[in-house]
Amino acid sequence: MSALEVTAVGLLATVQDRGRFGFLDQGVGASGFADRSSAALATRLVANAPDAALVEVLFGGLAVRARGAVEVAAAGAYCPITVTTASGRMHHAAMYELIELADGDELHLGAPTAGLRTYVAARGGVDVPQVLGSRSYDTLAAIGPAPLAVGDVLPVGAATAGDPVVDAVAPPWGVGEPPAGVVLDALLGPRDDWFTPDAVRALRTATFSVSPVSDRIGVRLEGAAPLERAITDELPSEPLALGSLQVPAGGHPIVFLADHPITGGYPVIAVLTAASIDRAAQLTPGQWVRFRVR
């Protein structure tokens, strides 16, 4: 069986798949890919089954050495990629294309020029043991295979869905300088009536900044002024959906991502659309965000 040996991990690299489902009544959320579109694209490039696991890399820095021949592809945050062969020769490779690694070749991701999370898929899938039916690591619940460490060996499985049909695809979003800001689509509710009309208006018109205190649980946003509540009563804890825009006591909203808590006691003023959840997962600290609220 072929494998990938981890030789560097950068800030954080975890194994992820589509997530674990059916455990909400036990307090376990779904977790899974933070940017589902990018993960799906990397998966399709290597012709893996949709539920195959891959590696999610936060802000580059991952390096892996092939044990045996391995085909890989990367999608998401745009990183420079280099391959150093077993004989010591180095060459560049590209995102969004099949990369063939021979035994002993080492692939390295540099820091991304746009976006935050890069997905590296190996043809056959990362075949680490499942926990509760998934290979995803949930950073909030600390369930699943631990974050990658130097020296880990990731077995490559057989979770393919056929043969690759393309060698490369066009990047779906910017590859150069990161955009200064992003517009996210959201649906108002379910607790927008807990906020003043001025707060709802501000959500539609104001500009928010992405806080560096953001992670796979949520993207924390900072506005010029807090979103004021019309109802200040304590809200009983209630279920939270992926993409919820919750407003805690300080009045600055949080966009909940893949590892979000399954319940919460602060009101949710709006919920992002599926495509905007993926865009939110690629936000970097300091970018501005506006909401297009329906």
Side-chain angles (χ1 to χ4, degrees), residues 6 8-40 42 51-62 64 75-77 79 109 111-112 115-121 125-126 128-152 154 210-221 237 239-246 248 252-266 268 272 274 276-285:
V6 178
V9 292
L11 293 177
L12 178 69
T14 59
V15 176
Q16 299 290 340
D17 60 14
R18 293 199 292 185
R20 55 181 57 82
F21 302 95
F23 299 97
L24 290 178
D25 60 343
Q26 300 177 44
V28 178
S31 190
F33 314 125
D35 175 356
R36 294 165 296 182
S37 299
S38 295
D51 58 350
L54 46 62
V55 179
E56 180 183 285
V57 185
L58 180 70
F59 208 68
L62 177 76
V64 290
C79 295
L109 300 184
L116 189 64
R117 293 182 169 90
T118 304
Y119 294 85
V120 179
V126 175
V128 296
Q130 294 184 333
V131 178
L132 298 179
S134 169
R135 297 181 173 88
S136 287
Y137 178 66
D138 185 328
T139 60
L140 180 62
I143 293 176
L148 300 186
V150 173
D152 285 349
L154 305 175
V210 177
S211 165
V213 190
S214 300
D215 50 26
R216 279 180 50 88
I217 297 170
V219 179
R220 294 181 179 273
L221 301 175
S237 191
L240 287 173
L242 178 65
S244 290
L245 192 60
Q246 188 193 63
H252 298 286
I254 301 171
V255 177
F256 279 132
L257 298 180
D259 292 352
H260 67 88
I262 63 172
T263 60
Y266 294 112
V268 172
L272 299 190
S276 286
I277 293 170
D278 293 340
R279 286 197 292 273
Q282 295 290 359
L283 291 170
T284 57

Heavy atoms, side chains only, cut-off 4.5 Å: are [X] and [Y] in contact?
X: Leu154; Y: Leu148; result: yes
X: Thr118; Y: Leu109; result: yes
X: Leu242; Y: Phe256; result: no
X: Asp278; Y: Ser38; result: no
X: Val120; Y: Leu54; result: no
X: Ile143; Y: Arg20; result: yes

Once rounded to the nearest 0.5 Å, what's the spacing between atom [atom1] of [X] and atom [atom2] of [Y]?
X: Arg135; Y: Asp17; atom1: CZ; atom2: CG; result: 7.0 Å
X: Ile254; Y: His260; atom1: CD1; atom2: NE2; result: 13.0 Å
X: Leu58; Y: Leu116; atom1: CG; atom2: CG; result: 4.5 Å
X: Asp259; Y: Ile217; atom1: CG; atom2: CD1; result: 6.5 Å
X: Leu221; Y: Leu283; atom1: CG; atom2: CG; result: 7.5 Å
X: Leu24; Y: Leu240; atom1: CG; atom2: CG; result: 11.0 Å

Worksheet item: Is it true that atom CZ of Arg220 has more than 12 heavy atoms of other residues, nucleotides or ligands lying nearer than 6.0 Å?
Response: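 Counting other residues, nucleotides and ligands, CZ of Arg220 stays at 12 neighbours or fewer.
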Nearest non-hydrogen partners of [X] and [Y], listed with the distance:
X: Phe59; Y: Ala111; answer: CE2-CB, 4.1 Å
X: Gly32; Y: Ala258; answer: O-CB, 3.5 Å
X: Phe21; Y: Ala30; answer: CE2-CB, 3.6 Å
X: Asp152; Y: Pro147; answer: OD2-O, 4.2 Å
X: Val15; Y: Ala53; answer: CG1-CB, 3.8 Å
X: Gly125; Y: Ala52; answer: CA-CB, 4.1 Å

Can any side-chain N or O of [X] pair as donor or acceptor with the backbone N or O of [Y] at less than 3.5 Å?
X: Ser31; Y: Gly19; answer: no
X: Ser211; Y: Val213; answer: yes
X: Arg216; Y: Ala281; answer: no
X: Arg117; Y: Glu56; answer: no

Worksheet item: Looking at Asp51 and Arg18, does any basic side-chain N land under 4.0 Å from a carboxylate oxygen?
Response: no
Discussion item. Distance alone, cut at 3.5 Å: any donor-acceptor contact between the side chains of Gln16 and Thr14?
Written reply: yes
